[in-house]
Amino acid sequence: MRCIKCKAPANVEVRRHRSAFCAGCYPDWFRTQVQRTIDDHRMFSRDDRVLVAISGGKDSLALWHALLRLGYQTDGMYIRLGIGDYSVRSQAKSEAFAARHGLQLHQVDLAADHGFTIPQMRNQREGKPCAACGTVKRYHFNKVAVDLGYSVVATGHNLDDEAATLFGNVLHWQTDFLGRQGPVLESTHSNLARKVKPLYRLAERDSAAYAIIERIDYIVEECPMAIGAKSLAYKDTLNALEETQPGLKYQFLVGFLRQGRKALKTEDPVQIRQCAKCGQPTTAEVCAYCRMVERRLKKLPVRR
Amino acid sequence: MGDVKVTILPRRETREVEAADVAHLLRALGLHQDAYIVIREEVILTRDVRLQAEDQIEVWPVISGGGSAQPGSSRRSSSRGDTSPLTGGS
């Protein structure tokens, strides 16, 4: 297999594009894809201050690296989730990346600042804290972005993440979530930061290859809390289909965004108000984060 | 064709597998092409690269999951009626 740019032996094949690249040409192709996505969706400009949500994994660090190389103003934000040795090592990788490139990395420490860790947030039925972890991340990334005046929060969600989320939401007919899934979530409240996903058209394998070629030291292993998570089962199913139908995940996601989503968008704007406890934007009297923390820490039964 | 020595990350599990090329190797290990990267001497290999008996191969997983901070990605429903505007990524 040869690089489509320079005809040297290829290192990275992108089957859905029927393309392959050598290690020399691949990083430019990856960054060009990121730039096109940013431009196509007018995600942000070089005048914006962008807060990149950092986990220490390949996607967030590859995104931060690519944005830096593309000339954007970026700082990072890392949440210390308290997931044992995994969190210790992912924090170290994130801090090392920031230090190596002279970048600022904001941090929130759940245990020290808020009195709990993610393993304490396990769902009583499933025994997993993944949904709670998502709520925690959304809450703190937004709060830090608004408090510190960032124009936009960029996350490392990739094609596989988005396709798996879409797959799960279709399986359960989560029409409210389906109507809002997309690469840009506009701010609809002064305390709600704009959210963007510049990697959503790039596969997980693409960002891993970018990180390896650019010698980005990221945490390779999966979060131990995610073992058995539904999202991983959805990815496995989609990858099994992709094996014989290259491009299927891309067609599934992009086809939905172009064709399916508009049928699910509601006409009525969601009424947003301030949480009675913390003041953050919410659609309920008390936000999901405050309710969850109070409920789990008091070990009350989960209300359904 | 002899066995290729394979180290599978992140646990660094070692296997010896008979495989003519990278595609055969992944099939023999029961792994999806989109979920792994195959590396020999710090160089990423495409699926058509032929393997030799003395090759030291590493297989890196690329899949991540769990609390992805996406609406609906890890939960079955928003049963409390709060559709949380704080959606859209981690």
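Residue numbering restarts at 1 for every chain, and letters A, B, ... go by the order of the sequence lines. What's counted below: heavy atoms across the whole structure, side chains too, no hydrogens, waters or symmetry copies.
- For A209(A), the parts sitting under 4.5 Å from any heavy atom of chain B are the backbone and the side chain alike.
- Note: V62(B) leads I39(B), L9(B), V62(B) in heavy-atom pairs under 4.5 Å with chain A.
- Both the backbone and the side chain of A10(A) come within less than 4.5 Å of a heavy atom of chain B.
- Looking at E221(A), both its backbone and its side chain come within 4.5 Å of chain B, counting heavy atoms on both sides.
- With sequence neighbours excluded, no residue forms a side chain to side chain donor-acceptor pair (under 3.5 Å) with R15(A).
- For a residue to count as touching a neighbouring chain, one of its non-hydrogen atoms must lie under 4.5 Å from one of that chain's; by this rule R215(A) touches chain B with the side chain only.
- In this structure, chain B has a heavy atom under 4.5 Å from the side chain of Y218(A), while its backbone stays farther away.
- Between R27(B) and E243(A) no salt bridge is recorded (no basic side-chain N to carboxylate O distance below 4.0 Å).
- Contact annotation for M1(A): both backbone and side-chain heavy atoms come within less than 4.5 Å of a heavy atom of chain B.
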Considering only distance and modelled atom types, tabulate donor-acceptor pairs under 3.5 Å from the side chains of residues 10-17 of chain B, sequence neighbours left out.
residue: R12(B); atom: NH2; partner: E58(B); partner atom: OE2; Å: 2.8

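- Contact of L45(B) with chain A is made through the backbone alone, with heavy-atom distances under 4.5 Å.
- The number of heavy-atom neighbours closer than 6.0 Å to CD of E41(B), taken from other residues, nucleotides and ligands shown, is 12 or below.
- A salt bridge (Lys or Arg N to Asp or Glu O under 4.0 Å) with D34(B) holds for exactly one of R205(A), K249(A), K235(A); it is K249(A).
- Taking CD1 from I44(B) and CD from E13(A), the interatomic distance works out to 12.5 Å, rounded to the nearest 0.5 Å.
- Between atom CG of residue N11(A) and atom CD1 of residue I37(B) there is a gap of 10.5 Å, rounded to the nearest 0.5 Å.
- Looking at D59(A), the atoms closer than 4.5 Å to chain B (heavy atoms on both sides) all sit in the side chain, from C-beta outward.
- Summarising the local packing, NZ of K128(A) is surrounded by more than 12 heavy atoms from other residues, nucleotides or ligands at distances under 6.0 Å.
- If you measure heavy-atom distances from A193(A) to chain B, you find no contacts under 4.5 Å at all.
- Put simply, of D160(A), L238(A), I212(A), I227(A), the one with the most heavy-atom pairs under 4.5 Å next to chain B is I212(A).
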